[in-house]
Amino acid sequence: MTQPAYYEYRHLVGFEETNLVGNVYYVNYLRWQGRCREMFLRDRAPDVLADIRADLKLFTLKVDCEFFAEITAFDELSIRMRLLDLTQTQIAFTFDYVRLGPDGSETLVARGQQRIACMRGPNTDTRPTRVPEPLRLALAPYSVSGTASSRTLTTTAG
């Protein structure tokens, strides 16, 4: 069995993430992007976490999310992160939010993107820095452009 072309973070929606109408409040999608990214670092690039504890900073430059269907409390989600773009100092991710049905069905409910910049230095003099090599290596298997299976998933889900 081959490894999926995305990093997956699973999440069970709770009541605290819904609004008065009962659907998920939009800001939670952005939180889940951050959580997925954090879990990726923990699971696939732990050396980078040590670097962050030193002086590496990951600044979010842009974030967005497009919604296709509503989700509610106790929906099970798979947030699937892929590498969209990698430059010397920046990384762009794409996120698919997939509702997992009890029967094994999958429904694409939202899609988001995020661009981050790698920076170093004290807060008063922070400057762009190269994406650390351990992070580049950890992201390589999840590149959108390098995987036929990610194109297939996106086509069938969207």
Side-chain angles (χ1 to χ4, degrees), residues 4-46 48-53 55-101 105-121 123 126-129 131-132 134-136 138-145 147 150-151 153-158:
Y6 51 82
Y7 174 80
E8 179 180 52
Y9 166 66
R10 293 265 181 125
H11 183 76
L12 184 63
V13 177
F15 283 124
E16 75 277 3
E17 297 170 308
T18 63
N19 59 24
L20 292 174
V21 181
N23 56 2
V24 169
Y25 189 59
Y26 75 92
V27 75
N28 289 299
Y29 291 84
L30 305 182
R31 286 185 182 132
W32 299 332
Q33 281 185 20
R35 183 71 172 164
C36 184
R37 192 179 77 187
E38 291 168 3
M39 294 297 98
F40 171 82
L41 291 173
R42 185 196 74 169
D43 294 344
R44 302 285 191 261
V48 177
L49 287 178
D51 204 4
I52 289 172
R53 288 183 189 104
D55 75 336
L56 176 66
K57 296 170 179 69
L58 302 178
F59 282 9
T60 301
L61 303 175
K62 180 181 178 184
V63 63
D64 68 49
C65 194
E66 183 177 8
F67 307 99
F68 307 123
E70 291 184 356
I71 56 176
T72 59
F74 302 111
D75 279 344
E76 185 177 357
L77 295 178
S78 167
I79 295 98
R80 299 172 179 175
M81 183 183 83
R82 293 183 184 86
L83 173 65
L84 185 62
D85 184 40
L86 180 62
T87 68
Q88 287 187 0
T89 62
Q90 295 184 15
I91 306 166
F93 300 101
T94 182
F95 297 85
D96 287 344
Y97 300 81
V98 179
R99 180 177 36 231
L100 305 173
S105 63
E106 296 188 350
T107 306
L108 183 67
V109 296
R111 179 168 288 143
Q113 290 188 9
Q114 186 177 113
R115 178 168 287 277
I116 64 167
C118 293
M119 310 285 276
R120 288 193 189 275
N123 290 339
T126 305
R127 299 176 187 270
T129 189
V131 175
L135 184 51
R136 286 180 177 277
L139 288 167
Y142 305 103
S143 174
V144 168
S145 62
T147 56
S150 68
R151 287 190 296 273
L153 172 72
T154 302
T155 302
T156 58

Under 3.5 Å: donor-acceptor pair, side chain of Glu17, backbone of Gly14: yes
Pair Asp64 + Arg111: basic N to acidic O under 4.0 Å: no
Test side chain to side chain contact (heavy atoms under 4.5 Å, CB included) applied to Thr94 and Val144, step by step: CA-CA 9 Å; Thr94 182; Val144 168; 3.7 Å; yes
Shortest non-hydrogen contact between Asp96 and Arg82, atoms and distance: OD2-NH1, 2.9 Å
Crowding at CD, Glu16 (>12 non-hydrogen neighbours, <6.0 Å): yes
Rounded distance (nearest 0.5 Å) linking atom CG of Leu83 with atom CD1 of Ile91: 7.5 Å
Nearest heavy atoms of Arg136 and Val131, plus distance in Å: NE-O, 3.5 Å
Under 3.5 Å donor-acceptor, Arg99 side chain and Glu70 backbone: yes
Thr89 side chain near Met119 side chain, heavy-atom distance below 4.5 Å: no
Spatial distance of atom CD (Gln33) from atom CE (Met81) [nearest 0.5 Å]: 10.5 Å
Nearest non-hydrogen partners of Tyr97 and Leu30, listed with the distance: OH-N, 4.4 Å
Residue pair Ile52 / Leu41, side-chain heavy-atom distance below 4.5 Å: yes
Side-chain ion pair, Arg10 and Glu76, N-O less than 4.0 Å: yes
More than 12 heavy atoms of other groups within 6.0 Å of Arg35 CZ: no
Minimal non-hydrogen separation, Pro134 against Val48, with atom names: CB-CG2, 4.1 Å
Heavy atoms of other groups near Phe68 CZ, more than 12 under 6.0 Å: yes
Test applied, ring pair (Phe, Tyr, Trp, His ring centres under 6.0 Å); reference residue, Phe40; option that passes from Tyr6, Phe93, Phe95, Tyr142: Tyr142
Side chain proximity check, Arg37 to Tyr7, heavy atoms < 4.5 angstrom: no
Atom pair CG/CG of Leu135 and Leu58 - distance to nearest 0.5 Å: 7.0 Å
Ile79 and Glu8: CA distance, side-chain angles, deciding distance, side chain to side chain contact (heavy atoms under 4.5 Å, CB included) verdict: CA-CA 6 Å; Ile79 295 98; Glu8 179 180 52; over 6 Å; no
Non-hydrogen atoms of Pro132 and Arg120 that approach each other most closely: CG-NH2, 4.4 Å
Thr129 side, atom OG1; Leu56 side, atom CG - distance, nearest 0.5 Å: 7.0 Å
Asp85 and Arg115: CA distance, side-chain angles, deciding distance, side chain to side chain contact (heavy atoms under 4.5 Å, CB included) verdict: CA-CA 9 Å; Asp85 184 40; Arg115 178 168 287 277; 2.9 Å; yes
Minimum heavy-atom distance between Gly121 and Thr126, given as atom pair plus value: O-OG1, 3.8 Å
Lys/Arg-Asp/Glu bridge criterion (N-O < 4.0 Å) met for Arg31, Glu38: no
Pair Val13-Leu77, side chain to side chain contact (heavy atoms under 4.5 Å, CB included): steps then yes or no: CA-CA 8 Å; Val13 177; Leu77 295 178; 4.0 Å; yes
Close side-chain approach of Thr60 to Gln114, heavy-atom, < 4.5 Å: yes
Main-chain N/O of Phe15 paired to Thr18 side chain as donor or acceptor, under 3.5 Å: yes
Min side-chain heavy-atom separation Gln113-Val63 under 4.5 Å: no
